[in-house]
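Source: prediction; values computed, not measured.
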Amino acid sequence: MIIRFWLLDINYDLVGGIPEIRLWGIDDKGKRVVILERNFRPYVYILPINEQFLKKITEEIDKLRNKYKILEIDVAEKKYFGKILKVLKVTLLNPRNVPRFREDLSKIRGIKEVLEADIRFYMRYMIDNDIYPSAWHDVEVEEVSNKNRWDVDHVYIAKKTPIFVSYENPPDLRIFAFDIECYNVLGEPNPLRDPVIIIATLNKNKEIKIFQARDKDDEELIKNFIKDIKEYDPDIIVGYNSNRFDWPYLRERTKHLKIRLDVSRAGGQPTQSVYGHFSIVGRANIDLFDFAEEINEVKVKTLENIADYLGVKKKNERVLIEGAFIYEYWDKLEKRKILVEYSKDDVESTYGLAEKFLPFAIQLSNIVGLPLDQVGSASVGYRVEWHLMRQAYKFNELIPNRIERPYETYKGAIVLKPKPGIHKNVAVLDFSSMYPNIMIQKNISPDTYVPPYEKIDESKVYIAPEVGHRFLKNPPGFYKKILERLLKARKEIRNKMKKLDPSNIEYRILDERQKALKIIANATYGYCGWSNARWYKREIAEATTAWGRKLIKDTINFAKKIGLEIIYGDTDSIFAYYDKEKIEKLIKYVEKDLGFDIKIDKVYKKVFFTEAKKRYCGLLEDGRIDVVGLEAVRGDWTDLAKEVQEKVIEIILTKENPYDAVEYVRHIIKDFKEGKIPLYKLIIWKSLTKHISEYAVETAHVAAAKQLIQMGYKISKGEKIGFVVCKGGGEKLSSKSKPYILIKDQSEIDEEYYINKQIIPAALRILSYFGIREDNFISTERQSSLLDFFQ
DNA sequence: GCCTTGAAGTTACCG
DNA sequence: ACCGGTAACTTCAAGGCG
């Protein structure tokens, strides 16, 4: 019998000493299925110092046959950085023996490297058989009894290897969102002491359930939660920050209470796995925070902020409770209702985020080949790498080992000095996917790289400007093939989309897919320069940026030649006055002479630069305002300062009247002095980028974090600290900062700081170009004198 | 001993 | 836990100053 199924999750276990891979999925009739594959075996490659050693190594390994249950020792022909060579392929019975086997190999003489010994077994299986997570496959199977009583409709044994069918039309997945609240009177909740007080769940049928503890007794609550999961039997479980908080807390708590957190489809508990995520066998456990993290527009990435930004749930339409005070709402019975509402709002927001993020996550998982539950928690570098590893197998290329190397720097892109002032009618030209296209055009790849000591005819290589790195023109390199495939796939999808209605579900899926393709293509250059990368090669990254610099310089020179004035440029963009004919000429030049795609990304009616690079603002033709790099888009300035700057920018770009802007700023300062600005607009948010003890200087946010720690909060690396600047405490900012949650009275705040170090600098950043100085905001002299100043 | 200055440390941005 | 380039702020210590 042949069935069609969509691969949701994959794991393996040993059954009678034999590895059994389990493919968990949904079939085309909507049944939950698991397919057992018992015929796949782990293996490693052994690269000899030279071919003469092959025989000797084989003999030595043969002695280990029984110890490691070695099944086969074969000679295989593989490519390693493009060179064909003979390696040994040693197949074992048990994946768990691989690490020790590898260690023993280090004692054998004649072995240069052991390769691909660190590829996880089920990943190996998918790669070798061209099986993709989050996609449909056909497989010949035979049904067997569900003797372990797993939560599936059918258990099958694979008769043949599944065959990939399509990534389109994902099945109707059962999504389940949850959110827990814990008792926390002493700061951070402690699972050995503090109960879970509320768990809210929401499934695709829009059923919200609220489980509450009986005062401080959470045993039944947790049991009911587990029962709820089992009853609904979700395919996907989503939470917000659940890998860092909810699951570890529940694991600890249930261990303490001696309850089994039995939520998987195979009767097991969530277990911590690769990239710090929690794996739930047979389902995809997804922490939506991983995807929220990539939304740069939202600076403080709390659930309510992200949900608000994405229009999932507006902040003014929900209950907001400061996390630290949850216990109060539990203790005071009359306030409990509010806490219940709060957790309802949270779980609804979480579910809403899942609807926003899952289509992208599914496509990304499919493209890079990582299971859906892992793709979010894997960093960009690993996502790119898994994508490369899959392709490597197809090209018969060996996967290099990850090695520790010293950190090296190299020169990057060019940023032009902007021409300060307001410019009208400016076009922004962008190279499309500049780095990927450079790598394609110049065949930049680890396997085409020609080291300096190698003699070669100059006509056979591309030579990078400035740095002189050489790359073979032929054959096409590893990166070239991969990037071409990615860009081509993206182009095809975008063409397909043009024929579809944007409201169509299919359109949405294709759009998410093309986004994922773009992200992976663009990150591949950065990956090459990542010292942890398997395919790291500084020369590749270095040559790519060198060609990039040449490309933009050539473009600028041509622009100058035809009399097109360039106002600014950064890496792969050029700002020029919008002279239609000349711009078209320039675009043609780039296409014909340089062989790259460049297009008008946008046209500014007005754009304003100061002396600084990477900071500007512009008025678009449709009336929208772009702010780039300036304080208004930075997360470490107060909302107060950001709003001031935004408004100043608006006045400058629309009215072009600095006098109006000064007037406005003076008005804000007045409001502020009268206490009309709410406290939240005075909070400064800064991340702790390292452990608190590692800081060399006492900064304001470190000082604030220390106060929180003293109060019993657990503050970890990566967390955002919100603090305000208070009066007294001395000169240093660090001695005046205080976590905002500790502020009882707004009179504590240091007015002077907010005026002189927030409002005024943010305004002056724009206005000083027009001759405005600090005292224009503060002096009591009449506005008319200012007016005189401009005349 | 106080003030100035600049290097170093730090964060968050751009592309 | 992808890269380098950049701005801007604060802290801290050295240097100026008879």
S.K.: Say whether A:Thr638 and A:Gln758, considering side chains only, have a donor N or O and an acceptor N or O under 3.5 Å apart.
M.R.: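 Their side chains do contain a donor-acceptor pair, which is all the 3.5 Å distance test asks for.
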
S.K.: Base, sugar-phosphate or nothing for A:Arg615? Non-hydrogen atoms, less than 4.0 Å.
M.R.: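 Sugar-phosphate contact only - A:Arg615 comes under 4.0 Å of backbone atoms but never of a base.
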
S.K.: Of all the choices, C:dC9, B:dC14, C:dC3, which nucleotide is nearest to the side chain of A:Val628 once you look at every atom?
M.R.: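 Among C:dC9, B:dC14, C:dC3, the one nearest the side chain of A:Val628 is B:dC14.
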
S.K.: Base, sugar-phosphate or nothing for A:Lys690? Non-hydrogen atoms, less than 4.0 Å.
M.R.: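 Sugar-phosphate contact only.
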
S.K.: Regarding A:Gly412, tell me which of base, sugar-phosphate or nothing describes its non-hydrogen contacts under 4.0 Å with the strands shown.
M.R.: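 The answer is sugar-phosphate, as A:Gly412 gets under 4.0 Å only of primed atoms, P, OP1 or OP2.
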
S.K.: Of the listed nucleotides (B:dA12, C:dC2, B:dC14), which one gets closest to any side-chain atom of A:Thr689?
M.R.: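 Nearest to the side-chain atoms of A:Thr689, counting from C-beta on, is B:dA12.
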
S.K.: Does B:dT11 have its OP1 or OP2 closer than 4.0 Å to a side-chain nitrogen or oxygen of A:His701?
M.R.: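 So the side chain of A:His701 is within the cut-off, an N or O lying under 4.0 Å from OP1 or OP2 of B:dT11.
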
S.K.: Rounded to whole Å, please give me the gap between CD in A:Glu698 and P in C:dC9.
M.R.: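 Those two atoms, CD and P, are 21 Å apart.
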
S.K.: Any idea which of C:dA8, C:dG4, C:dA7 is nearest the A:Glu631 side chain?
M.R.: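 Taking heavy atoms from C-beta onward, the closest nucleotide is C:dA8.
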
S.K.: Taking A:Tyr568 for the side chain and A:Lys614 for the main chain, is one N or O donor matched with an acceptor at less than 3.5 Å?
M.R.: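 Answer holds: yes.
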
S.K.: What does A:Tyr275 touch in the nucleic acid at a heavy-atom separation under 4.0 angstrom: a base, only the sugar-phosphate, or nothing?
M.R.: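 No contact.
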
S.K.: Closest to the A:Arg765 side chain: C:dT6, C:dC9, B:dT11?
M.R.: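 Selected nucleotide (nearest to the side chain): C:dC9.
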
S.K.: Contact class for A:Ser734 (heavy atom, under 4.0 Å): base, sugar-phosphate, or nothing?
M.R.: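 Sugar-phosphate: the residue A:Ser734, judged by heavy atoms under 4.0 Å, touches backbone atoms but no base.
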
S.K.: If I take atom CZ in residue A:Phe723 and atom C1' in nucleotide C:dT10, what distance separates them, rounded to the nearest angstrom?
M.R.: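 So the CZ-C1' distance, A:Phe723 to C:dT10, works out to 10 Å.
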
S.K.: Considering only B:dT10, C:dT10, B:dC14, which nucleotide approaches the side chain of A:Val697 most closely?
M.R.: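 Nearest listed nucleotide: B:dT10.
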
S.K.: Would you check if there is a donor-acceptor pair between the side chains of A:Trp247 and A:Asn285 at a distance under 3.5 Å?
M.R.: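 There is such a pair (donor and acceptor under 3.5 Å, judged by atom type) between the side chains of A:Asn285 and A:Trp247.
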
S.K.: Heavy atoms under 4.0 Å, any strand shown: does A:Ala523 hit a base, just sugar-phosphate, or nothing?
M.R.: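 Counting heavy atoms under 4.0 Å across all strands, the contact made by A:Ala523 includes a base.
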
S.K.: Give A:Tyr435 one of three labels, base, sugar-phosphate or nothing, depending on what nucleic acid heavy atoms sit under 4.0 Å from its own.
M.R.: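 No contact.
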
S.K.: Atom CG of A:Leu630 and atom P of C:dA8: how far apart are they, to the nearest Å?
M.R.: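 After rounding, the gap between these two atoms is 9 Å.
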
S.K.: If the cut-off is 4.0 Å, is A:Lys299 near the phosphate of B:dC13, judged by side-chain N/O to OP1 or OP2?
M.R.: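 Answer is yes, contact under 4.0 Å.
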
S.K.: Measure from CD on A:Glu611 to P on C:dT6 and round the result to the nearest Å.
M.R.: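 For the pair A:Glu611 CD and C:dT6 P, the rounded distance is 15 Å.
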
S.K.: A cation-pi test, strictly: NZ or CZ of A:Lys690 under 6.0 Å from the centre of the six-membered ring of A:Tyr695 and no more than 45 degrees from its axis. Yes or no?
M.R.: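 Flagged: A:Lys690 positioned over aromatic ring of A:Tyr695.
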
S.K.: In terms of side-chain heavy atoms of A:Ala612, which of C:dC2, C:dA8, C:dG5 is nearest?
M.R.: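 Ranking C:dC2, C:dA8, C:dG5 by closest atom to the A:Ala612 side chain puts C:dA8 first.
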
S.K.: Please report, rounded to the nearest Å, how far the P atom of C:dC2 is from the CD1 atom of A:Ile519.
M.R.: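 Value for this atom pair: 14 Å.
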
S.K.: Heavy atoms under 4.0 Å, any strand shown: does A:Tyr616 hit a base, just sugar-phosphate, or nothing?
M.R.: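 A:Tyr616: backbone/sugar contact only, no base atoms under 4.0 Å.
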
S.K.: Count the heavy atoms belonging to other residues, nucleotides or ligands that lie under 6.0 Å from NZ of A:Lys299, then report whether that count exceeds 12.
M.R.: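 It does: A:Lys299 NZ has more than 12 such atoms within range.
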
S.K.: When we call it a touch if two heavy atoms are under 4.0 Å apart, what does A:Arg538 touch: a base, just sugar-phosphate, or nothing?
M.R.: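 Here A:Arg538 touches no strand at all.
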
S.K.: Side-chain polar contacts of residues 271-278 of chain A - donor-acceptor pairs under 3.5 angstrom, sequence neighbours left out - could you list them?
M.R.:
| from | atom 1 | to | atom 2 | distance (Å) |
| --- | --- | --- | --- | --- |
| A:Gln272 | NE2 | A:Gly276 | O | 3.4 |
| A:Tyr275 | OH | A:Trp386 | NE1 | 2.8 |
| A:His277 | ND1 | A:Val274 | O | 2.9 |
| A:His277 | NE2 | A:Asp373 | OD2 | 3.1 |

S.K.: Out of C:dC3, B:dT10, C:dC9, which has the shortest distance to the side chain of A:Ala696?
M.R.: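 For A:Ala696, the side-chain atoms sit closest to B:dT10.
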
S.K.: Given atom CZ of A:Arg534 and atom P of C:dC2, what is their separation to the nearest angstrom?
M.R.: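 In whole Å, C:dC2 P lies 15 Å from A:Arg534 CZ.
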
S.K.: Which whole-number value in Å describes the distance from A:Leu416 CG to C:dG4 C1'?
M.R.: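 It works out to 16 Å between those atoms.
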
S.K.: Which nucleotide wins on minimum distance to the side chain of A:Asp572, given the candidates C:dC12, B:dC13, B:dG15?
M.R.: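 Of the options given, the side chain of A:Asp572 lies nearest B:dG15.
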
S.K.: Look at the side chain of A:Val415 and decide which nucleotide, out of B:dT11, B:dC13, C:dG5, has an atom nearest to it.
M.R.: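 Between B:dT11, B:dC13, C:dG5, the one nearest the side chain of A:Val415 would be C:dG5.
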
S.K.: Among B:dA12, B:dC13, C:dG5, find the nucleotide with the atom closest to the side chain of A:Val633.
M.R.: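 Looking only at side-chain atoms, A:Val633 lies closest to B:dC13.
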
S.K.: May I ask you to check whether A:Arg534 and A:Tyr536 show a side-chain donor-acceptor distance below 3.5 Å?
M.R.: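 There is no such pair between these side chains.
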
S.K.: Are A:Lys481 and A:Phe395 in a cation-pi contact, defined as NZ or CZ under 6.0 Å from the six-membered ring centre and within 45° of the axis?
M.R.: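 Ring-cation test returns yes.
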
S.K.: Is the distance from OP1 or OP2 of B:dC14 to the nearest side-chain N or O of A:Thr571 less than 4.0 Å?
M.R.: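 Result: no.
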
S.K.: Can you check the A:Asp636 CG to C:dC9 C1' distance for me, whole Å?
M.R.: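 Atom-to-atom, A:Asp636 to C:dC9, this comes out as 9 Å.
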
S.K.: Does A:Ser687 put a side-chain nitrogen or oxygen below 4.0 Å from OP1 or OP2 of B:dA12?
M.R.: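 Answer is yes, contact under 4.0 Å.
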
S.K.: Taking 4.0 Å as the cut-off, does a side-chain nitrogen or oxygen of A:Lys614 come that near to OP1 or OP2 on B:dA12?
M.R.: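 No, A:Lys614 has no side-chain N/O under 4.0 Å of OP1/OP2 on B:dA12.
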
S.K.: What contact category does A:Phe431 fall into here, base, sugar-phosphate, or nothing, at under 4.0 angstrom with non-hydrogen atoms?
M.R.: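 Here A:Phe431 touches no strand at all.
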
S.K.: Tell me whether the OP1 or OP2 atom of C:dG5 has a side-chain N or O from A:Tyr410 closer than 4.0 Å.
M.R.: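 For C:dG5, OP1/OP2 do not have a side-chain N/O of A:Tyr410 under 4.0 Å.
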
